[in-house]
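Labels below follow one simple rule: chain letters A, B, ... track the order of the sequence lines, proteins then strands, and each chain is numbered from 1. Being a predicted model, the structure only gives us computed values, none of them experimental.
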Amino acid sequence: DIDGVGRKYHLELVLEDVLGKDSTVNCTAEVLYHLGNKNIAPDVQFTLEGELKNTEEADNIFYNRIKSLEKELVAENIPDSRGNVSPDMEPFHLLAWVASGYVIWQNSTENTKFQLAQIKRVKQVKRSDEYLEFDYTILLHEMVSQEIIPWQMTVLWHPQRGVQVTQDSRQPKHAPE
Amino acid sequence: TSSMKLILIFSALFGVSLCLETFVGHQVLRIKTRNEEEVKKLQLLESLEHLQLDFWINPSTSALPVDVRIPANSIQAVKAFLESYGIEYSILIEDLQIVLDKEKQDMAYNQQRERGSNVFNYGTYHPLDSIYAELDHLVSEYSSLVSKLQIGESYEKRPLYVLKFSTGGSNRPAIWIDAGIHSREWVTQASALWTAKKIASDYGKDPSITSLLNKMDIFLLAVLNPDGYVFTHTTNRMWRKTRSKNQGSLCVGVDPNRNWDAGFGGPGASNNPCSESYHGPRANSEVEVKSVVDFIKNHGNIQAFLTLHSYSQLLMYPYGYKCTGPADYAELDALGRAAASSIQSLYGTTFTVGSICTTIYQASGGSIDWSYDYGIKYSFAFELRDTGRYGFLLPANQIIPTAEETWLGLKKIMEHVRDNPY
């Protein structure tokens, strides 16, 4: 506890590559939850001990594939009800993971635990510049309340420039059913 | 024209394929040769191609018998030949076609039986009707061990079916297992079904389960919340609660795991009908919950209460409604750890062990808190795979591995219950 400021956590974690379980990187981090105002995202500082895998080749293949599409890509329900993700949809799943990580960080408190539950819809938005843009509607699962929260996020991506969430907003739950 | 040629070729091929070989009237003889002379005679017979003899064991030495299949219209000639030289023979098969027909019949019958009994794929997600059909199938396949009871009806009037595994006795001490209290947790209903099959097929083979069922009964409720389950198939995959209407609200459903009479209405449950953790108007307001409570109370001899949830990979004991430990904390914790260790031994899946309150969050009105306070010491809640990568949408190819590893944990607990009556 830091008087007048908030509560700080010191973490030691191991990052494991979802696509290659034997690839791990140690990490230390400090997370500060601010006192009072719950609308401020926690401060996060971290150090990676080692390097993350190089994914340049796969990134470029995906980038070129999408850039060359004639019609804007649209997809729904990733994974589907049975947990299936088709191989060509997997990159969208992974991208949503990264982007939702940002959204989750921005909305976390000491009493929340968010997970990406599903991509309800992803729609490509054509751009004239080099970036790829996707409009996502995702479902976040909040563990403590058990709520499923629809969330919209606009995601920009470029193989060398990384991921950006340029806009995001919590959506109203569908008509109470 | 070329198309005419094609038709001709195709019909020729078609004709040939229809000309199947049959073995009507073919006999198989076993010929016993006494010396080299006789072997030579048979080798002469072998060379007569027009007879179309098919030697299953060729003539080579007098030490071995010679088996030969003879087409119907060569039989007379061959027998005459053998008899004229005094060579002994016996008829192994009178009419080969009859033998082949019987074999075909047997195979078709077995395939049918197999189709009838093994058509259910435990490694995929099924709608409610299929699950219910499979329950009936298990009862008929293992009728001396398994029976089905209806303990009540859901809000929308669907039957609540419990499978009873029993080798007899009267009101033996019993273990209760339920799944699917939260309908979106699909791997739990699927695992429960696999577990039912496992228990039934392992009885008489696995010493542990056999000794357990010789002393105790097992009750398994694979789908505690059928209305919710159907809703996840038809409308909203993420539905958690029951489907009961809430007075004065447009929002539907009550969280069945906040509806039990254990710290009801306390922290960790919502009084807002639109919330996923809405506790309901009063304890046991949900007919699904009440049906289980009534069953347990009426039975009077339930020794363990085990409930399956997903996801997070946790193995928890009471309490959820308060953060103080249960009186049997030490024993439950040790048993939980042993069970988690068994689970891990199969595929390396790690489960975190602890009380509900210290492991996830404070949550009132939960089932294992009620069962524990009711007097059922061995009350555990499992949260199965995974830890969030797929969450509720666990790929079907993980159903069986999940069920297999969970089974080891369940078994560990059940064995302890069997060996520690109270």
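The OG atom of A:S81 sits 4.5 Å away from atom CH2 of B:W186, with the distance rounded to the nearest 0.5 Å. The distance from atom OG of B:S270 to atom CD of A:Q146, rounded to the nearest 0.5 Å, is 12.5 Å.
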Problem set entry | Worked verdict on A:H93 versus B:Y390 for side-chain hydrogen bond (donor to acceptor under 3.5 Å, both in side chains) | CA-CA 11 Å; A:H93 191 208; B:Y390 288 95; 5.2 Å; no
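Using a 4.5 Å cut-off between heavy atoms, B:Y361 touches chain A through its side chain atoms alone. Interface remark: B:S275 contributes backbone and side-chain atoms alike to the contact with chain A (heavy atom separation under 4.5 Å). Only the backbone of A:D80 comes within less than 4.5 Å of a heavy atom in chain B; its side chain stays farther off. The part of B:H233 that comes within reach of chain A is its side chain, from C-beta onward, which places non-hydrogen atoms under 4.5 angstrom from that chain. With a threshold of 4.5 angstrom between heavy atoms, A:V85 approaches chain B through side-chain atoms but not through N, CA, C or O. Looking at B:R389, both its backbone and its side chain come within 4.5 Å of chain A, counting heavy atoms on both sides.
Under the side-chain hydrogen bond (donor to acceptor under 3.5 Å, both in side chains) criterion, B:E276 pairs with B:R184, sequence neighbours left out.
Looking only at distances, no side-chain donor or acceptor of A:Q118 sits under 3.5 Å from a matching main-chain atom of B:R237.
Looking at every heavy atom in both residues, A:A117 comes nearest to B:M238 through CB-CE, 3.9 Å.
Side-chain contact check for A:R82 versus B:P395: every heavy-atom pair is 4.5 Å or farther apart.
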